[in-house]
Amino acid sequence: SMKRICSLFSILLLALFLNGCGSSDDKTDATTGTGDDPSKVTTDTAAFSHKETYSSTGSAPKSRGGGTTFRIGKKGTAFGKTIKVVFSNGWSVTIPNTSKRFTSGNFIYRAGGGSFRNFETWTSHGGVFICANAGNRSRQVTIYY
(Lines give C-alpha, C1' and ligand atoms only; values in the text may rest on other atoms or scores of the structure.)
Protein backbone atom coordinates (compact mmCIF):
# COMPACT_ATOMS: atom_id res chain seq x y z
CA SER A 1 0.00 0.00 0.00
CA MET A 2 1.01 3.64 -0.40
CA LYS A 3 1.14 4.15 3.38
CA ARG A 4 3.62 1.28 3.74
CA ILE A 5 5.84 2.65 0.94
CA CYS A 6 5.86 6.10 2.57
CA SER A 7 6.74 4.54 5.92
CA LEU A 8 9.66 2.57 4.45
CA PHE A 9 10.89 5.65 2.58
CA SER A 10 10.79 7.67 5.83
CA ILE A 11 12.84 5.01 7.64
CA LEU A 12 15.40 5.00 4.80
CA LEU A 13 15.73 8.80 4.93
CA LEU A 14 16.15 8.72 8.72
CA ALA A 15 18.85 6.04 8.46
CA LEU A 16 20.76 8.05 5.84
CA PHE A 17 20.48 11.22 7.94
CA LEU A 18 21.72 9.52 11.13
CA ASN A 19 24.62 7.86 9.31
CA GLY A 20 25.63 11.21 7.81
CA CYS A 21 25.75 12.85 11.25
CA GLY A 22 28.14 10.25 12.60
CA SER A 23 30.64 10.44 9.78
CA SER A 24 30.71 14.23 9.39
CA ASP A 25 33.71 14.54 11.71
CA ASP A 26 35.85 12.34 9.47
CA LYS A 27 36.03 14.50 6.34
CA THR A 28 39.52 15.38 5.14
CA ASP A 29 41.05 18.52 3.65
CA ALA A 30 44.46 19.84 2.64
CA THR A 31 45.71 21.22 5.99
CA THR A 32 48.60 18.87 6.72
CA GLY A 33 51.51 18.42 9.06
CA THR A 34 53.80 15.63 10.17
CA GLY A 35 53.74 13.29 13.14
CA ASP A 36 56.42 13.48 15.79
CA ASP A 37 59.25 10.99 16.15
CA PRO A 38 57.71 8.22 18.34
CA SER A 39 61.05 7.73 20.14
CA LYS A 40 60.70 11.20 21.72
CA VAL A 41 57.35 10.58 23.45
CA THR A 42 58.58 10.60 27.05
CA THR A 43 60.99 13.53 26.71
CA ASP A 44 58.68 15.75 24.64
CA THR A 45 55.85 15.67 27.18
CA ALA A 46 58.01 17.34 29.88
CA ALA A 47 57.02 20.77 28.52
CA PHE A 48 53.38 20.14 29.50
CA SER A 49 52.07 20.27 33.06
CA HIS A 50 48.69 18.50 32.60
CA LYS A 51 47.42 15.39 30.86
CA GLU A 52 44.07 13.69 30.26
CA THR A 53 43.51 10.21 28.86
CA TYR A 54 40.48 9.23 26.79
CA SER A 55 39.17 5.92 25.48
CA SER A 56 38.30 5.31 21.84
CA THR A 57 34.72 5.98 20.75
CA GLY A 58 34.93 4.23 17.37
CA SER A 59 37.08 3.75 14.32
CA ALA A 60 37.45 5.26 10.86
CA PRO A 61 36.44 3.23 7.81
CA LYS A 62 39.22 1.19 6.18
CA SER A 63 39.11 3.61 3.21
CA ARG A 64 40.22 6.37 5.62
CA GLY A 65 42.98 4.34 7.26
CA GLY A 66 40.95 2.40 9.83
CA GLY A 67 42.44 4.21 12.84
CA THR A 68 40.52 4.52 16.08
CA THR A 69 38.50 7.69 16.66
CA PHE A 70 37.98 9.75 19.77
CA ARG A 71 35.14 12.19 20.47
CA ILE A 72 36.07 14.36 23.43
CA GLY A 73 33.43 16.55 25.08
CA LYS A 74 35.66 19.58 25.40
CA LYS A 75 36.70 22.21 22.84
CA GLY A 76 40.38 22.15 21.80
CA THR A 77 41.02 25.64 23.12
CA ALA A 78 40.08 24.43 26.63
CA PHE A 79 43.45 22.60 26.62
CA GLY A 80 45.43 25.79 25.82
CA LYS A 81 47.12 26.86 22.56
CA THR A 82 49.37 23.83 21.89
CA ILE A 83 48.84 20.17 22.80
CA LYS A 84 50.64 16.89 22.29
CA VAL A 85 48.50 13.88 21.40
CA VAL A 86 50.04 10.52 22.37
CA PHE A 87 48.34 7.26 21.43
CA SER A 88 48.69 4.13 23.58
CA ASN A 89 50.89 2.53 20.87
CA GLY A 90 53.42 5.39 21.26
CA TRP A 91 52.68 7.36 18.07
CA SER A 92 52.40 11.05 18.83
CA VAL A 93 51.73 14.35 17.13
CA THR A 94 51.94 17.98 18.29
CA ILE A 95 48.98 20.22 17.48
CA PRO A 96 50.44 23.74 17.12
CA ASN A 97 47.10 25.59 17.31
CA THR A 98 44.21 23.93 19.18
CA SER A 99 41.66 26.26 17.57
CA LYS A 100 42.31 24.96 14.02
CA ARG A 101 41.94 21.69 12.17
CA PHE A 102 45.18 19.70 11.76
CA THR A 103 45.89 16.60 9.68
CA SER A 104 48.94 14.42 9.12
CA GLY A 105 48.29 11.61 6.66
CA ASN A 106 45.18 9.89 8.02
CA PHE A 107 45.53 11.54 11.44
CA ILE A 108 42.81 14.17 11.98
CA TYR A 109 42.37 16.72 14.78
CA ARG A 110 39.30 18.95 14.83
CA ALA A 111 38.86 21.60 17.51
CA GLY A 112 35.11 21.42 18.08
CA GLY A 113 32.63 24.23 18.55
CA GLY A 114 31.50 26.77 16.01
CA SER A 115 28.99 26.49 13.21
CA PHE A 116 28.60 23.46 10.95
CA ARG A 117 29.59 25.84 8.12
CA ASN A 118 33.03 26.29 9.73
CA PHE A 119 35.07 23.36 8.40
CA GLU A 120 38.09 24.26 10.56
CA THR A 121 36.37 23.76 13.89
CA TRP A 122 32.94 22.18 13.71
CA THR A 123 32.26 18.63 14.92
CA SER A 124 28.86 16.95 15.15
CA HIS A 125 29.21 16.48 18.93
CA GLY A 126 30.63 19.96 19.69
CA GLY A 127 34.01 18.91 21.12
CA VAL A 128 37.42 17.70 19.94
CA PHE A 129 37.47 14.94 17.32
CA ILE A 130 40.65 12.88 16.84
CA CYS A 131 41.20 10.12 14.31
CA ALA A 132 44.36 8.03 14.73
CA ASN A 133 46.84 7.65 11.87
CA ALA A 134 46.35 4.80 9.37
CA GLY A 135 46.37 1.36 10.98
CA ASN A 136 46.64 2.78 14.52
CA ARG A 137 44.16 0.78 16.62
CA SER A 138 45.13 2.38 19.96
CA ARG A 139 42.29 2.11 22.47
CA GLN A 140 43.41 5.22 24.37
CA VAL A 141 44.87 8.64 23.67
CA THR A 142 46.51 11.02 26.14
CA ILE A 143 46.40 14.76 25.56
CA TYR A 144 49.28 16.65 27.14
CA TYR A 145 48.62 20.37 27.69
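Since the structure is predicted, the reported quantities are computational estimates derived from the model, not experimental observations. Numbering of residues begins at 1 and proceeds along the displayed sequence.
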Non-hydrogen atoms of [X] and [Y] that approach each other most closely:
X	Y	value
V128	A111	CG2-O, 3.8 Å
P96	T82	O-OG1, 3.2 Å
Y109	T98	OH-O, 2.6 Å
S56	S138	CB-O, 4.3 Å

Could you tell me if T142 and T53 have a donor-acceptor pair between their side chains, going purely by distance under 3.5 Å?
yes
Nearest 0.5 Å, please: how far is [atom2] in [Y] from [atom1] in [X]?
X	Y	atom1	atom2	result
S59	N136	OG	CG	11.5 Å
F48	I83	CZ	CD1	8.5 Å
I108	N133	CD1	CG	11.0 Å
R139	F87	CZ	CZ	12.5 Å
N118	K100	CG	NZ	9.0 Å
Y144	K84	OH	NZ	9.5 Å

Output, in order, the C-alpha distance, side-chain angles, deciding distance and verdict of side-chain contact (heavy atoms from CB on, under 4.5 Å) for F107 and I130.
CA-CA 7 Å; F107 170 82; I130 292 173; 3.8 Å; yes
Measure the acute angle between the ring planes of F79 and Y145, then classify it against the limits of 30° and 60° as parallel, tilted or perpendicular.
perpendicular
Check the surroundings of atom NZ in K75: do more than 12 heavy atoms from other residues, nucleotides or ligands lie under 6.0 Å from it?
no
Are the side chains of N89 and R137 in touch, meaning some heavy atoms are under 4.5 Å apart?
no
Checking side-chain contact (heavy atoms from CB on, under 4.5 Å) for the pair K81/N97: CA distance, chi angles, key distance, verdict?
CA-CA 5 Å; K81 175 140 173 49; N97 183 345; 3.8 Å; yes
